[in-house]
2 protein chains.
Amino acid sequence: MSVRERPLRWQRRADARPQELLDAALAVFVERGYAATRLDEIARRAGVAKATLYRYYENKLELFKAVVRHSLVASLDEWATRPPGKAVGARERLVSLLTAFMERVAGSPLSGIPKLVVAEAGNIPEVARFYHDEVIMKARAIVVGALAEGAAHGEFRPVDAEYAWRIIVAPMLFSIIWKHSFQACEAQPLDFRRHLDAQLDLLFNGLAVNTKKKVR
Amino acid sequence: MSVRERPLRWQRRADARPQELLDAALAVFVERGYAATRLDEIARRAGVAKATLYRYYENKLELFKAVVRHSLVASLDEWATRPPGKAVGARERLVSLLTAFMERVAGSPLSGIPKLVVAEAGNIPEVARFYHDEVIMKARAIVVGALAEGAAHGEFRPVDAEYAWRIIVAPMLFSIIWKHSFQACEAQPLDFRRHLDAQLDLLFNGLAVNTKKKVR
DNA sequence: GTTATAAATGACTCATTGGTCACTTATTGC
DNA sequence: GCAATAAGTGACCAATGAGTCATTTATAAC
């Protein structure tokens with residue numbers, strides 16, 4: 001529809017702009033944090049002037065909130081409309097869930113959101129609360145539900161689900177935090193698949209030597 | 001030695017100041033992040049004027065580095081001089097390690113450092129590298145060592161230690177990040193002991209139902 | 001074409017804050 | 001007591017960067 005081959009210095013693209021600005025803003029916010037992010041830098045990466053940002057967002061804080069809200073809402077929509085594959089039991093539900101997280105989130109720009117929210121919780125508690133309520137509590141419910149179902153059907157040992165859910169979620173958070181903060185310190189990038197496999201192996205079988213029946 | 005009952009407006013305490021300033025700085029940096037932290041705020045919490053900070057630290061960045069360096073060096077010293085109780089096997093070594101972390105770090109101001117380092121990795125990579133090399137790699141070595149020893153002695157199943165160590169460390173990180181970023185969203189504070197118990201239970205036994213021998 | 005209008009911008013302002021400095025006050029040595 | 005010295009300070013400066021606005025330019029309507 002619109003010219004896209006030669007990025008003119010001047011271009012009017014009111015439809016595409018908002019998303020472009022959000023994309024650029026997400027990248028810079030994740031890299032630098034809220035306070036250290038310069039609006040000029042976001043504008044530069046989006047290929048516009050700083051003043052253009054203000055045509056679409058009230059101010060820096062509103063832009064920030066829009067970045068988080070938009071990213072999360074889009075992601076939650078995705079999970080709602082395309083839930084992880086039909087599961088035959090609690091174990092498969094957990095595997096699907098963690099696998100889907102790795103496939104959908106870990107490799108995408110979205111993976112920067114948790115780091116960002118965690119880092120800014122002290123400055124922008126409103127965003128932390130939103131993330132807590134809309135993302136964490138949903139994840140918690142799913143995991144606790146799977147643990148309860150698994151225990152009820154004799155598929156899992158009974159565990160302290162109210163605390164175990166965090167143990168199960170933690171490695172997911174760790175992997176994306178690693179990517180955004182310590183990847184640069186290492187020669188090899190983190191292999192998300194292998195990371196997940198290591199978790200699933202430990203999660204279901206544990207470390208203890210099992211002289212009997214291996215659930216496979 | 002020095003007057004401490006009535007906190008005069010003017011007091012010369014060249015010996016106690018550095019630590020007081022570091023303590024105040026750590027608290028504010030953890031709460032706000034580097035860029036959002038105002039030197040006036042640190043000074044206020046330490047009960048001094050902003051200019052006093054400059055008698056002890058070159059500038060904001062040097063203060064920040066001193067906070068991280070000092071905290072970590074002190075902690076590493078502590079671990080070096082008072083290692084977790086003598087362990088009879090790999091399993092007990094892991095238990096001691098994780099328990100010691102919870103007891104020494106989780107409840108202390110030190111627990112804010114990881115959040116801080118993670119958040120500022122993009123702005124101050126030097127600090128991220130220091131943390132990576134001096135803390136993370138040491139933890140990794142210990143955990144990988146325990147896994148290897150456990151496997152060699154038939155105490156543990158063999159696992160992908162090079163990735164499994166992160167799975168084991170992740171819940172520790174999660175617990176302190178939770179405390180500093182999402183505690184405020186919840187009615188009940190996180191029970192570190194219960195969190196650790198939940199992890200140990202899962203770590204050693206896994207979720208799978210074990211019809212035979214329960215390693216206790 | 002011509003005009004209307006909405007997108008986009010560069011140049012500006014102004015509040016904030018890291019950093020400095022001349023000066024004040026506590027402490028130490030004699 | 002009385003310097004001498006070092007700790008501590010308030011008031012200031014300069015740079016930075018969020019936010020504004022008059023103006024320019026692309027697009028749409030006719």
Side-chain angles (χ1 to χ4, degrees), chain A residues 1-29 31-67 120 122-124, chain B residues 1-26 28-29 31-67 120 122-124 127:
Chain A
M1 203 45 86
S2 65
V3 184
R4 67 181 38 178
E5 294 321 56
R6 32 161 207 164
L8 265 4
R9 198 162 63 88
W10 263 74
Q11 239 171 331
R12 293 168 53 121
R13 322 195 298 131
D15 49 346
R17 283 281 188 253
Q19 188 58 50
E20 293 174 354
L21 299 186
L22 288 178
D23 290 346
L26 173 60
V28 184
F29 278 134
E31 203 173 309
R32 300 266 178 246
Y34 179 77
T37 290
R38 313 290 159 226
L39 292 184
D40 271 318
E41 167 79 357
I42 294 177
R44 198 178 58 70
R45 290 210 204 179
V48 300
K50 183 175 70 169
T52 301
L53 291 174
Y54 287 86
R55 294 210 76 76
Y56 296 92
Y57 303 96
E58 279 284 312
N59 52 42
K60 190 181 181 182
L61 184 57
E62 287 306 314
L63 171 59
F64 180 80
K65 291 188 201 165
V67 164
E120 301 301 337
N123 296 310
I124 314 167
Chain B
M1 204 47 80
S2 65
V3 184
R4 66 182 37 177
E5 294 321 56
R6 31 158 210 167
L8 264 3
R9 197 163 62 89
W10 262 74
Q11 240 171 332
R12 291 167 54 119
R13 320 195 299 132
D15 49 345
R17 283 280 187 254
Q19 188 58 52
E20 294 174 355
L21 300 185
L22 289 179
D23 289 347
L26 173 60
V28 185
F29 278 135
E31 202 174 310
R32 301 267 179 244
Y34 180 78
T37 290
R38 310 292 158 226
L39 293 184
D40 271 319
E41 167 80 357
I42 293 177
R44 198 179 57 70
R45 290 211 204 179
V48 300
K50 183 176 68 171
T52 301
L53 291 174
Y54 287 86
R55 293 209 77 75
Y56 297 92
Y57 303 97
E58 279 284 312
N59 52 43
K60 188 181 183 183
L61 185 57
E62 287 306 313
L63 172 59
F64 180 80
K65 290 188 202 167
V67 164
E120 301 301 337
N123 296 311
I124 315 170
V127 167

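On a predicted model such as this, the values are computed, not experimentally measured, just so you know. Reminder, nothing fancy here: chain letters follow the sequence lines and each chain counts from 1.
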Close N/O contacts between protein and nucleotides 15-18 of chain D (under 3.5 Å):
{"unit_1": "D:dG17", "atom_1": "OP1", "unit_2": "A:Arg38", "atom_2": "NE", "d": "2.6"}
{"unit_1": "D:dG17", "atom_1": "OP1", "unit_2": "A:Arg38", "atom_2": "NH2", "d": "3.4"}
{"unit_1": "D:dG17", "atom_1": "O5'", "unit_2": "A:Arg38", "atom_2": "NE", "d": "3.4"}
{"unit_1": "D:dA18", "atom_1": "OP1", "unit_2": "A:Thr37", "atom_2": "O", "d": "3.0"}
{"unit_1": "D:dA18", "atom_1": "OP1", "unit_2": "A:Lys60", "atom_2": "NZ", "d": "3.4"}
{"unit_1": "D:dA18", "atom_1": "OP2", "unit_2": "A:Leu39", "atom_2": "N", "d": "3.1"}
{"unit_1": "D:dA18", "atom_1": "N7", "unit_2": "A:Lys50", "atom_2": "NZ", "d": "2.9"}

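When side chains are defined from C-beta on, A:Tyr34 counts as touching A:Ile124, because their heavy atoms get closer than 4.5 Å. Looking only at side-chain heavy atoms (C-beta outward), B:Phe29 and B:Val67 come within less than 4.5 Å of each other. Side chains of B:Leu22 and B:Tyr56 form no contact here, defined as non-hydrogen atoms less than 4.5 Å apart.
Place A:Glu58 and B:Thr52 on DNA chain D by their nearest nucleotides, and B:Thr52 ends up nearer the 5' end.
Each end of the helix from C:dG1-D:dC30 to C:dC30-D:dG1 gets its own axis, taken as the rotation carrying the C1' atoms of four end pairs onto the next four within a five-pair window, and the two axes meet at 20° to the nearest 10 degrees.
Side-chain N or O atoms of A:Lys50 include none that pairs as donor or acceptor with a backbone N or O of A:Arg38 at under 3.5 Å.
Between the CG atom of A:Leu53 and the C1' atom of D:dC21 there is a distance of 16 Å, given to the nearest Å. One interatomic measurement links the two molecules: CZ of B:Arg32 to P of C:dT17, which rounds to 11 Å at whole-angstrom precision. Taking atom CD1 of B:Ile42 as the reference point, atom C1' of C:dT17 lies 13 Å away to the nearest angstrom. In this structure, A:Tyr57 atom OH and C:dA8 atom C1' are separated by 16 Å, rounded to whole Å. In this structure, B:Leu63 atom CG and C:dG19 atom P are separated by 10 Å, rounded to whole Å. To the nearest angstrom, P of C:dT16 lies 15 Å from CD of B:Glu41. Between the OH atom of A:Tyr56 and the P atom of C:dA6 there is a distance of 13 Å, given to the nearest Å.
Note that CD1 of A:Ile42 is 13.0 Å distant from OG1 of A:Thr52, once rounded to the nearest 0.5 Å. Distance check, rounded to the nearest 0.5 Å: CG of B:Leu26 to CD of B:Glu31 gives 11.0 Å. The distance from atom CD of A:Glu20 to atom CZ of A:Arg45, rounded to the nearest 0.5 Å, is 15.0 Å.
With D:dG10, D:dG8, C:dG10 as the candidates, the nucleotide lying closest to the side chain of A:Ala51 is C:dG10.
In terms of phosphate contacts, A:Arg17 brings a side-chain nitrogen or oxygen within less than 4.0 Å of OP1 or OP2 of C:dA8. At C:dA7, one or more side-chain N or O atoms of A:Arg55 fall inside 4.0 Å of OP1 or OP2 (strictly under the cut-off).
Here the shortest heavy-atom pairing between B:Tyr57 and B:Leu63 reads CD1-CD1, 3.6 Å.
With a 6.0 Å radius and a threshold of 12 heavy atoms from other residues, nucleotides or ligands, A:Glu62 has its CD atom above the threshold.
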